[in-house]
Amino acid sequence: MTAESVPPTAAPAPTDFIRTIVAAHVAEKRYSQIVTRFPPEPNGYLHIGHAKSICLNFGIARENNGRCNLRFDDTNPAKEDVEFVDSITADVKWLIAGWADHCLGFKPKGTHPAKVTSSGQPDYYLAAVNPGPDSEPFFASDYFDALYDYALELVRRGKAYVCDLSPKETEAYRGAPDKPGRNSPFRHRSIAENLDLFQRMRAGEFPDGARTLRAKIDMASPNVWLRDPLLYRIRHVPHYHAGDKWCVYPLYDYAHCLSDYLEGISHSACSLEFVPHRALYDWILEALDLPRPLPRQYEFAKLVPSYMLLSKRNILRLVQEKVVAGWDDPRLPTISGLRRRGIPASAIRCFVISVGVTTFNSVTDIAVFEHAIRDELNTLAVRRLAVLKPIKLVLTNLTPGEVIECNATNDPQSETPSTRKIALTREVFIESDDFAEFPPSKYFRLKPGGEVRLKYACIIKLDEIVKDAAGAVTELRCTAQLDTRSGQSNADKKVKGTIHWVSVTRCLDAEVRLYDRLFTVPEPGAEEDFMKVVNPHSLDVVTAKLETSLAGAQPGDYYQFERLGYFTPDAKDSTPGQPVFNRTVSLKDTWTKLPAQS
RNA sequence: UGCCCGAUAGUGUAAUGGUAGCACAAACGACUCUGACUCGUUUUGUCUAGGUUCGAGUCCUAGUCGGGCAGCCA
């Protein structure tokens, strides 16, 4: 293999504090395999913050020949729904496609953890398989039997008890961070009574909220999560996945650590707000005296890109109040929104990997994301000509029916670029921004008496500006210097400016959606009300003139409209032969930033 | 006013106790049939005060600032 043929995936693996720990565990052979997991709750859509967790967990798996299980953390039947299971699964698959698909852990359809014997002790275990027609993601709700069994064991060991305190009383007894809690009056029930009561809770004998199962730890602990945390609550609600079999449901802290254990997870990475929960995570696993190596929890800082709002709750509000058109609105940082916007999965991965993994809460400049997008698209996107805000230009030395074929490059970044033919005709559209009757200094574009090159065609000179009665420019009359075309005698003639264009008679009208950031401030989440800082110009819809070859554009195709930016056909509103384009991101522009422009 | 965590250029992120690097951003320049890309140059940094040490971004102490924790949410 030559140096040139090394695939881009050969980029050095990232290093961070979690990977350093994993590497140490690999060296000491602590686990038989490195297994991570991505555990979303199916109560909303995935966003770019989740992408960080996905890249970390799948990244660790692929770098260590391991596995990363997709597991739905669905222990709250009131909030969860299959709709989200489907969208989350699709988003995860899209995000890791071609990168870590081989690490994705599913389970055989319909299976639950099997009771096995490990190290001479009874145990539960559910191994992962590759995704396929007979497999599905993991669900914490498939562990309810095993979890119930472990809860019974905790009771038998005198480490859990049934508490009859009401929600309000429970809160009062818990105390405050700076004040110790008080023991529940039910803390010293006998094991037999606890067993009986817990079984009757499960049997449905008590109404919602009447009793809970609690861990017996320490009501005076400075860590409030250790003050006899709730393990189970009563909810007479059917579960979208588990059906109506249960009326007691485990809480996150109890379910999560054991779900990790059941799947043989080695490293359980979560965000920083779970740091105080780690002691509980460890306590539950250790209290059960389990036979296999225990998973451990590691916490990292969430991704917070500037100008974005990431929490599900806030995104939901933007959707409900119709600030955006839905969960997959291209202005939203949801994975489905980013995909619809035209951002490649590889760009999302490059971005989150470049940000790194630390324990420091930070805000990442959106420019880093935009750079990653442009960097990927520069290689992936096919070049086309399009005019967003057209103004007519007449080449007076061409006859009305004359067609001059020009060769345009599709992929200038390729080592073996291909070309296509585009038609130069007497009348063309150019970008209205590319003409100025009274140009500022250093204006390289079309101006009175000036010359520019029409990209892939020839140099033209502006002779005359035609205006209507109101004084608005209606037409620019120019002379084409046909000997400056590629291959002609004067082809090497230099002019300072080159502009894009589209033939008036050979073009396609199309709706183009120009998206901009959704908020006007870098940290909308820090605002008293983020609705007040919504960018009123986050969407500008224009009817653009496109070169005809764009009629066949399909969703999933990436284009660069030269000198403008990257565009992709909208996956929802495009129809065959009539694409609607979304602007993914503009090209970097060092001209309009100049002070002369303001 | 309890406990836990954190702090390195504008932003993000590196640095077995041994020359503070990298990326993005910004500025300037080269190149250019995309004012893009690419290439080159430059600006800007270890929160504060003590201590240990030949030597501290790194270890210790105190402080400052920031974040988190009292759902029968996850």
Side-chain angles (χ1 to χ4, degrees), chain A residues 14-16 39-41 43 73-76 78-80 140 163 165-167 170-172 174-181 208-214 221-225 227 229-235 249 251-253 255-256 270-279 299 301 306 312 354-372 374-375 378-379 383 385 408-409 412-413 442-445 452-459 484-486 491-500 522 560-565 586-594:
Chain A
T15 59
D16 54 63
E41 183 186 15
N43 69 344
D73 215 344
D74 54 358
T75 56
N76 186 354
K79 285 188 172 183
E80 297 145 5
C163 178
L165 252 24
S166 71
T170 304
E171 190 185 333
R174 185 155 37 225
D178 58 343
K179 269 181 286 193
D208 288 3
R211 294 185 216 265
T212 57
L213 184 73
R214 291 233 245 167
S221 171
N223 182 345
V224 293
W225 290 101
R227 321 243 263 224
L230 275 59
L231 270 22
Y232 272 88
R233 78 285 221 188
I234 300 172
R235 286 285 175 276
Y249 291 95
L251 278 108
Y252 166 84
D253 289 293
H256 200 89
C270 62
S271 50
L272 249 24
E273 69 262 34
F274 291 101
V275 168
H277 297 242
R278 186 174 61 230
E299 310 87 7
S306 61
K312 284 180 195 168
S354 75
V355 165
V357 180
T358 65
T359 58
F360 177 61
N361 285 308
S362 61
V363 176
T364 299
D365 193 336
I366 191 142
V368 180
F369 187 35
E370 292 177 348
H371 174 263
R374 293 186 180 113
D375 202 34
N378 185 38
T379 329
R383 309 294 129 121
L385 296 185
T409 307
Q413 308 295 320
K442 293 213 265 182
Y443 188 80
F444 303 156
R445 284 111 98 143
V452 295
R453 178 176 285 278
L454 293 183
K455 178 96 179 168
Y456 301 126
C458 60
I459 292 171
T484 60
R485 285 145 63 210
S486 178
D492 291 337
K493 177 172 175 180
K494 304 290 180 196
V495 283
K496 200 68 180 155
T498 298
I499 64 173
H500 56 278
Q560 182 195 107
F561 292 174
E562 296 210 44
R563 301 210 312 128
L564 293 172
S586 65
L587 250 30
K588 207 171 155 193
D589 184 356
T590 47
W591 163 243
T592 54
K593 281 182 186 168
L594 290 179

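Order of the sequence lines sets the chain letters (A, B, ...), proteins ahead of strands, with each chain counted from 1. FYI, side chains are in, hydrogens and waters are out, and symmetry mates aren't considered; it's all heavy atoms of this structure. Computed from a predicted structure; not experimentally measured.
Listed candidates were B/rC72, B/rC69, B/rC33. Nearest to the side chain of A/Pro276 is B/rC69. The side chain of A/Pro222 lies closest to B/rG2 when the candidates are B/rC33, B/rG2, B/rA14. Nearest to the side chain of A/Arg563, among B/rA74, B/rA36, B/rG35, sits B/rG35. In this structure, of B/rC72, B/rC33, B/rU38, it is B/rC72 that holds the atom nearest to the side chain of A/Thr170. Here B/rA36 is the nucleotide among B/rG35, B/rA36, B/rG12 with the atom lying nearest to any side-chain atom of A/Lys588. In the set B/rA74, B/rA70, B/rG67, B/rG67 carries the atom at the smallest distance from any side-chain atom of A/Asn361. Minimum atom distance to the side chain of A/Val224 is reached by B/rA70, of the listed B/rC37, B/rG35, B/rA70. Checking B/rG71, B/rA74, B/rC33 against the side-chain heavy atoms of A/Glu171 singles out B/rG71 as nearest. Set against B/rA74, B/rG12, B/rC37, the side chain of A/Trp225 has B/rA74 as its closest nucleotide. Distance from the side chain of A/Phe444 is smallest for B/rG35 among the nucleotides B/rA36, B/rG71, B/rG35.
Here B/rC73 presents its P atom at 11 Å from CD of A/Glu80, a figure rounded to the nearest Å. Distance CG (A/Asp375) to P (B/rC37): 10 Å, rounded to an integer number of Å. Across the protein-nucleic acid pair, A/Leu231 atom CG and B/rC73 atom C1' stand 15 Å apart, rounded to whole Å. Distance A/Asp74 CG to B/rC73 C1': 14 Å, rounded to the nearest Å. Atom CD in A/Glu273 sits about 14 Å away from atom C1' in B/rG71, given to the nearest Å. Residue A/Arg174 contributes atom CZ, which lies 16 Å from atom C1' of B/rC3 at whole-angstrom precision. Atom P of nucleotide B/rC73 and atom OH of A/Tyr232 are separated by 15 Å, given to the nearest angstrom.
For B/rG71, the base is syn relative to its sugar; the glycosidic angle is within 90° of 0.
Under 4.0 angstrom from either OP1 or OP2 of B/rC33 there lies at least one side-chain N or O belonging to A/Lys494. For A/His371 and B/rC24, the shortest distance from a side-chain N or O to OP1 or OP2 is below 4.0 Å.
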Intra- and inter-strand pairs of RNA chain B in dot-bracket (Watson-Crick or G-U wobble, both distances under 3.5 Å; | for another strand): .((((((..((((....[..)))).(((((.......)))))....(((((..]....))))))))))).....
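When the P atom is compared between B/rU41 and B/rA23, the two are found 11 Å apart, to the nearest whole Å. With P as the reference atom, B/rG67 and B/rU11 are 16 Å apart, rounded to whole Å. Here the separation of B/rU43 from B/rA56, taken at their P atoms, is 26 Å to the nearest Å.
When the salt bridge (charged side-chain N to carboxylate O under 4.0 Å, His left out) test is applied to A/Glu299, the partners found at least two apart in sequence or on another chain are A/Arg278.
The CG atom of A/Asp73 sits 5.5 Å away from atom NE2 of A/His256, with the distance rounded to the nearest 0.5 Å.
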Enumerate the protein-to-nucleotides 8-10 of chain B contacts in which both atoms are nitrogen or oxygen and the separation is below 3.5 Å.
none

